[in-house]
Engineer: 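Take this structure, written in structure tokens, and hold onto it; I'll ask about it next.
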There are 2 protein chains.
Amino acid sequence: MLTISQLAAYAGVTVRAVRHYHAKGLLPEPERDQSGYRRYGAAAVVELVRIRILADAGVPLSRVRELLSAADPEFAQAVRDIDLRLRAEIRERQQHRERIARLASGESLALPPEAVAYLDRMRELGFGERLVDIERDSWILIAAQIPDEVGTFMAIKHAQIEHEPLRRLYLDIESMADCTHDDPRLPELADRVVVFIEAAAAVAHELETGVPEDYQVSDALAHLLDSAFCETFPWATRLLELLEERGWTGWTNIRRLTLPT
Amino acid sequence: MLTISQLAAYAGVTVRAVRHYHAKGLLPEPERDQSGYRRYGAAAVVELVRIRILADAGVPLSRVRELLSAADPEFAQAVRDIDLRLRAEIRERQQHRERIARLASGESLALPPEAVAYLDRMRELGFGERLVDIERDSWILIAAQIPDEVGTFMAIKHAQIEHEPLRRLYLDIESMADCTHDDPRLPELADRVVVFIEAAAAVAHELETGVPEDYQVSDALAHLLDSAFCETFPWATRLLELLEERGWTGWTNIRRLTLPT
DNA sequence: TGCCGCCCTGACCCAGCGTCAAGGTCAAGC
DNA sequence: GCTTGACCTTGACGCTGGGTCAGGGCGGCA
């Protein structure tokens, strides 16, 4: 008769594993000797080897129990199921490999390549780290929420920073990075923003396009982006208030305020 | 400010996952409002999205923590490590697929194809299920212990059952399947076995090959196989005793008894 | 005021064992 | 006969990445 460690050695598993299989009901508990030790016969080695062969083929232990006593057709079905699962797991890993490869090459963690290009262009044009950071974070959020539309919005953004007057507005925003709520430049900035917005609205009206809906993100996302903006620049909250005084609300999706009657 | 469920919705994860990341230290615990609710800013969404991007690329959460704040070289190293792990896991799954494919095709669970052929041949030659079963179990054990030598031993076995006198001996052994310890045919059987063994030994002596060591399995395996034999046929224990009286010990590795002086 | 939905913490659950912990047993050497 | 070291027993906690209660505290709406 064999002790548990001898049994385990014959089957090439650990003692702990054998006890685990007992607990799971894969291997029947053998007789005990007078001191309570488990005593195994050769048949137990055969059973244990069969368990390990299935387990080594990637069969989960819960199915091993069924399969040990399965007839051919159920066995074949189970094998198909397991093969499907293995294929799915392999595909999953392969997708993971592609993703981390992209993370490694694209230096920047969560951004599509066009966004990386945009941020680089911002740096070239003299934007500082504060504004680049908030833009990066914004694009991380946009890419996470509406990955398919990043391209569209990115094109708009690119056009904006290449448009010189608008770029100067942005640069001025950045130069105010550390100003306070009552900075006298804030009302002035609000005025300049309104000029831009109204000019754009007039052009849109002239072209009879109205406010192009396609260029608006969802309200929830717009609100989130506005929050991120306000978290980075505390004075932005005040700026939004000043804009509301001038009849405009929001920032990402800035729109004319509908006054309460 | 966002509640935990809003945060989770923005990042496409569950509330439970967010709390899990807090517990793991991946995402800093935010301020609480006066009623103890967590309140998040937009920056938390960005952090959470970054966590998910890494996690979705198969990075274990424990490494995500390091990677979030890693500089480029460590990041690159970590990516290489993770890619290695993913490749290893894919290879593992592919081997699992091959193995279960073989299990499915080879009908018989733990046997190499030559063993399956051998068992089929036994059935053709009129051996019954009892003997085929013990042979199957024996070959499961042999294949598990010394897979590389199965071919060698299998060849011997094939030759043995094709040798007619020996085959008849085996068939007679099976016909005694249910006999008792004191069956009169047992001593007779023992005599016949000894005749065979001594003839084989004489031939070996004549050819000056001695007992061919290559054809012997390890003592431990031989003992295990003998045990399996005795478990299947209770009278086999008695047979081994009778053989010892006749100067031979063991069954799988039967050898001349060295008498105590 | 009651109800519904959201929030909180704490705790158990899954696989497949590894790894103590605390104590009983066995064989061998002195 | 005593000690030592190896081996046996059960029980419990650990890992990953959360899911899923349970029990109780809030918030806003009719």
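Below, chain A is the first sequence line, B the second, and so on; all start at residue 1.
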Engineer: Could you work out, with side chain to side chain contact (heavy atoms under 4.5 Å, CB included) as the rule, every residue matching B/H96, not counting sequence neighbours?
Structural biologist: A/L86, B/E92
Engineer: List the steps, then state whether side-chain contact (heavy atoms from CB on, under 4.5 Å) holds for B/L224 with A/Y10.
Structural biologist: CA-CA 9 Å; B/L224 185 63; A/Y10 275 129; 3.7 Å; yes
Engineer: Using side-chain heavy atoms (C-beta onward) and a distance below 4.5 Å, is A/E135 in contact with A/Y118?
Structural biologist: yes
Engineer: Provide the full list of salt bridge (charged side-chain N to carboxylate O under 4.0 Å, His left out) pairs with a residue in residues 215-233 of chain B, sequence neighbours left out, each pair given once.
Structural biologist: B/D219-B/R255
Engineer: For residues 35-44 of chain A, pull every pair meeting side-chain hydrogen bond (donor to acceptor under 3.5 Å, both in side chains), keeping only residues two or more places apart or in separate chains.
Structural biologist: A/H22-A/Y40, A/E29-A/R38, A/D33-A/S35, A/D33-A/R39
Engineer: From CE of B/M1 over to P of D/dG27, roughly how many Å is that when rounded to an integer?
Structural biologist: 16 Å
Engineer: Distances under 3.5 Å only, N/O to N/O: pair up the protein atoms with those of nucleotides 22-25 of chain D.
Structural biologist:
{"residue": "D/dG25", "atom": "N2", "partner": "B/Y37", "partner atom": "OH", "Å": "2.6"}

Engineer: According to the salt bridge (charged side-chain N to carboxylate O under 4.0 Å, His left out) rule, which pairs have a member within residues 3-19 of chain B, sequence neighbours left out?
Structural biologist: none
Engineer: Pick base, sugar-phosphate or nothing for A/R65, based on heavy-atom distances below 4.0 Å to the nucleic acid.
Structural biologist: nothing
Engineer: With B/T232, which residues qualify under side chain to side chain contact (heavy atoms under 4.5 Å, CB included), at least two apart?
Structural biologist: B/R130, B/I134
Engineer: Give the rounded distance in Å between these two atoms: CG of A/D33 and P of D/dC7.
Structural biologist: 16 Å
Engineer: So what does B/R32 touch, heavy atoms closer than 4.0 Å: a base, only the sugar-phosphate, or nothing?
Structural biologist: sugar-phosphate
Engineer: Of all nucleotides in DNA chain C with an atom under 4.0 Å from a non-hydrogen atom of chain A, which is the first and which the last going 5' to 3'?
Structural biologist: C/dA15 to C/dC26
Engineer: What's the verdict on side chain to side chain donor-acceptor pair (under 3.5 Å) for B/Y21 and B/R52, showing C-alpha distance, side-chain angles and the deciding distance?
Structural biologist: CA-CA 10 Å; B/Y21 301 152; B/R52 281 316 308 172; 2.5 Å; yes
Engineer: Got a salt bridge between A/R238 and A/D182, using NZ or NE/NH1/NH2 to carboxylate O under 4.0 Å?
Structural biologist: no
Engineer: Base, sugar-phosphate, or nothing for A/R85, non-hydrogen atoms under 4.0 angstrom?
Structural biologist: nothing
Engineer: Can you pull out how bent the helix from C/dT1-D/dA30 to C/dC30-D/dG1 is, comparing the axes over its first five and last five pairs, to 10°?
Structural biologist: 40°
Engineer: List in chain and number order the residues that pass side chain to side chain contact (heavy atoms under 4.5 Å, CB included) with B/V64, two or more places apart in sequence or in another chain; answer none if no residue qualifies.
Structural biologist: B/L26, B/I51, B/L54, B/V59, B/L61, B/L68
Engineer: Taking only residues two or more places apart in sequence or in another chain, which ones pass salt bridge (charged side-chain N to carboxylate O under 4.0 Å, His left out) with B/R256?
Structural biologist: B/E198
Engineer: Specify whether A/W251 and A/F229 have parallel, tilted or perpendicular ring planes, treating 30° as the upper limit for parallel and 60° as the lower limit for perpendicular.
Structural biologist: parallel
Engineer: B/R38 CZ to D/dG27 C1': how many Å, rounded?
Structural biologist: 18 Å
Engineer: For residues 5-26 of chain A, which residues have at least one heavy atom under 4.0 Å from DNA chain C?
Structural biologist: A/T14, A/R16, A/A17, A/H20, A/Y21, A/K24
Engineer: For A/E98, give me all partners under side chain to side chain contact (heavy atoms under 4.5 Å, CB included), at least two apart in sequence or on another chain.
Structural biologist: A/R102
